[in-house]
Amino acid sequence: MTLTRSKSLPATENGESDREKLQSGRSVAGILYKWTNYGKGWRSRWFLLRDGILSYSKIRRPENVNMLCPSDDVRLIGDISTDRLSRMKSCSGRGRRKHHKTIGIVHLKVSSYRESKSDHRKFYIFTATKTLHLRTDSRSDRAAWLQALASTRGIVPIQAVSGDFSFVSPKDLSISTERLKKRLLEEGINESLVNECEQIVDAEFTEVQEQIKLLHEERTKLLDALRQLEMANLEVEASGIDGKVYQLTNHKYSSFRRGKYNECSTSASSDDKQDFEDISEEDEASFHDTKESFGESGGDSVQTHFKRRTKLPDPAEKERGVSLWSMIKDNVGKDLTRVCLPVYFNEPISSLQKCFEDLEYSYLLDQAYECGKSGNSLLRALNVAAFAVSGYASTEGRHCKPFNPLLGETYEADFPEKGIRFFSEKVCHHPTVIACHCEGKGWKFWGDTNLRSKFWGRSIQLEPVGILTLEFDDGEIFQWSKVTTTIYNILLGKLYCDHHGTMQIRGNRQYSCTLKFKEQSILDRNPHQVNGFVEDVTGKKAATVFGKWNDSLYYVAGEGLNKASASLLWKATKPPPNVTRYNLTSFAITLNELTPGLEEKLPPTDSRLRPDQRHLENGEYEKANEEKQRLERRQRMSRQIQESGWKPRWFESQGESQGYKYTNDYWKARDARSWDDCPNIFGEFTEEMADCA
């Protein structure tokens, strides 16, 4: 066994660099510290980089690093003492080398990695299913590992997957029974019996041909995918790579979960304020392939004549932190919607706009409409299920509270590039009820929601009350209610939210769906799980659904569950490049934007015109707090206004059990700029306004 210590990758005396040695098959190994979970923290692991694959094993004691074969040619990274080297050599010489089980592997060809900006010892490796958080002992060790990882780009040659592989096609296979037939006849076997045997052989051969055909098709698909991966590698190399993000490959089967690049939180801003993943030491199965390609855009053909923004305005002031506990310690067990909090705990969107975030992946409903129109009712139901789950993806890492709308406050969203128009209004103050209505390509979506919230000391529980309805133009209807949301670690620890409960999606025709949002436990290493099934009117299971509400959803048709053949239904979009402490998605960043020419078209009740929310978005925190306190004084009079006979402008109450119905008048009034009966609810409140209401 040849062992070499190194902290960098210089050329050797004969001019051969370590990069060249890596490409010729040489391995790199050493001890790295891997983040496991909040219970165990950082744990040392033995890492081995060989032939483009990074594997790691547990170490019982730091000295117990004798995990290499005597024939291995390995370069060691890190300050491994002479004593440890001698232990390795002496143990291998006496034949007492202990074999350690590999507990994880990473295929670097389909991964990426990045160095930490705040800690010169840390770096991250991103795969399609998880993130490895790794730490070295020194800056030089990290540099050596990063350079070793970069060298793996050339380990697997293009010819390995793009060459001309020889594989016998099923149509080229043939068999002759003439010799067998002749031999049997020579033995005096009856000719009819010989012909029967010949038919049996032909039938068996035909079955073998079909099996080979299936194997040939699977192999062809695999090679096509690998060729695409290699072409993606070539494109990345040709376009150049950012020195801070080392992208080993960029292909359509590899994407990373929203939240892994979130470098800010509600309390601080640093590179490492991102979600640590509590990963099991044994790699869980991953499912990336799909037999049904739906696309992310939903085939939108209409484009806006302006470009929507990609970041919030730069803050005008430096924000000062506020203790959440000091604000709500006297409100344990109370409804938090009635607790007045400073603007520091808000995000610059209202609950009306938050409702529209559920439509971020509206292309799923476009696909559902097309599937039903073509006769595929099952795929329609599956797309509806994916849409119901997708609305929770934007909550990952969102720790701030949306603004509570004033009574009569409204919000419109006209997104021609998505083919949808959305409208919402706060129709009741106590209890707080928000009604919404959206029109899409062949479908309508509406509902009203009453959110009950309770604070229990260490957590906040949000219980949605109300029914969401989706109706397609052909008359098929699906209805469901949202599950419970709980925000944990209000006082101590890492703040996070979880969604849990059972969601029943009821259809009025052939299919319905049941989804179970698993509640996360303290020791859960695989959070955010969603599992369920689609069944027909007879109760027969037609498909199984599984995934994570913050990442993706897959399905398997039929009663069985073969995850290896799972197809992708929905994948969450990547986080925006310009993150803020609010952790808004790219879609959410656009919701409060006043696009060119929009302000003069809006009614005076639109959330975009709310002054405290606009000041917060601009980073004018003192003004935002002053306006919020002023508007909350007006809000406290809303109950009196409501009891005096106030009615919502754009929705009609259908009774306590029936909710609210959209009047279909808003967009007509907008076209006519007819806002005479819409009061300026964000202005100074007067008794005359109460009388008019």
Side-chain angles (χ1 to χ4, degrees), residues 287 290-292 294 298 358-393 395 438 440 442-447 449 464-485 498-519 528-563 565-572:
F287 312 96
T290 175
K291 296 179 181 177
E292 310 263 0
F294 301 125
D358 287 353
L359 277 297
E360 178 175 0
Y361 301 95
S362 61
Y363 71 85
L364 291 167
L365 299 184
D366 300 338
Q367 291 170 176
Y369 171 69
E370 294 297 332
C371 290
K373 196 166 70 169
S374 63
N376 196 335
S377 299
L378 175 59
L379 203 52
R380 168 179 281 190
L382 286 166
N383 273 275
V384 172
F387 170 77
V389 173
S390 70
Y392 293 96
T395 65
C438 185
W443 52 268
K444 293 180 181 179
F445 174 77
W446 70 88
T449 306
V465 179
I467 297 176
L468 301 176
T469 302
L470 170 66
E471 181 178 7
F472 293 99
D473 285 357
D474 57 15
E476 186 166 17
I477 297 175
F478 293 90
Q479 290 184 317
W480 66 93
S481 297
K482 291 198 165 191
V483 297
T484 301
T485 296
D498 187 35
H499 309 287
H500 49 90
T502 301
M503 177 184 288
Q504 299 282 356
I505 304 176
R506 298 171 294 277
N508 68 336
R509 290 186 180 173
Q510 188 174 1
Y511 294 107
S512 296
C513 181
T514 300
L515 297 173
K516 174 69 174 179
F517 288 67
K518 180 182 176 183
E519 186 171 6
H528 314 323
Q529 291 187 64
V530 179
N531 297 281
F533 55 88
V534 175
E535 61 181 6
D536 61 20
V537 290
T538 67
K540 181 181 179 181
K541 186 183 293 185
T544 301
V545 179
F546 64 96
K548 295 188 175 186
W549 54 257
N550 67 327
D551 179 44
S552 55
L553 199 69
Y554 297 83
Y555 80 95
V556 177
E559 294 189 8
L561 179 56
N562 181 11
K563 289 189 175 182
S565 61
S567 299
L568 179 67
L569 276 172
W570 158 77
K571 182 74 175 176

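All residue numbers refer to positions in the sequence shown, counting from 1. Because only heavy atoms are used, hydrogens play no part in the values below, and waters and symmetry mates are left out as well, while side chains stay in.
In this pair, Trp480 and Phe387 present their aromatic rings perpendicular. The plane angle is above 60°, beyond the 30 to 60° band.
Shown here are the side-chain contact (heavy atoms from CB on, under 4.5 Å) partners of Lys516, two or more places apart in sequence or in another chain: Thr502. Partners of Ser512 under the side-chain contact (heavy atoms from CB on, under 4.5 Å) rule, at least two apart in sequence or in another chain, do not exist in this structure.
A donor-acceptor pair is defined here as one N or O able to donate and one able to accept, closer than 3.5 Å; such a pair exists between the side chain of Asn508 and the backbone of Gly475. Checked by atom type and distance alone, the side chain of Arg506 never pairs as donor or acceptor with a backbone atom of Phe478 at under 3.5 Å. With hydrogens and angles disregarded, no donor-acceptor distance shorter than 3.5 Å links the side chain of Thr514 to the backbone of Gln504.
Nearest heavy atoms, Ser552 versus Leu568: CB-CD1, 4.1 Å. Nearest approach of Ala566 to Tyr554, heavy atoms of both residues: CB-CB, 4.1 Å.
Between the side chains of Thr485 and His499, at least one donor N or O sits under 3.5 Å from an acceptor N or O. Side-chain contact annotation: Ser374 with Asn376, donor-acceptor N/O pair under 3.5 Å absent. Side-chain atoms of Asp366 and Trp443 form a donor-acceptor pair, as typed in the model, at a separation below 3.5 Å.
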**Request:** Assess whether side-chain contact (heavy atoms from CB on, under 4.5 Å) is satisfied between Arg380 and Tyr369, documenting all intermediate values.
**Result:** CA-CA 7 Å; Arg380 168 179 281 190; Tyr369 171 69; 4.0 Å; yes
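Within the 4.5 Å cutoff, the side chain of Leu561 has heavy atoms near those of the Phe546 side chain. Residues Val483 and Trp549 have side chains not in contact (no heavy-atom distance under 4.5 Å, counting atoms from C-beta outward).
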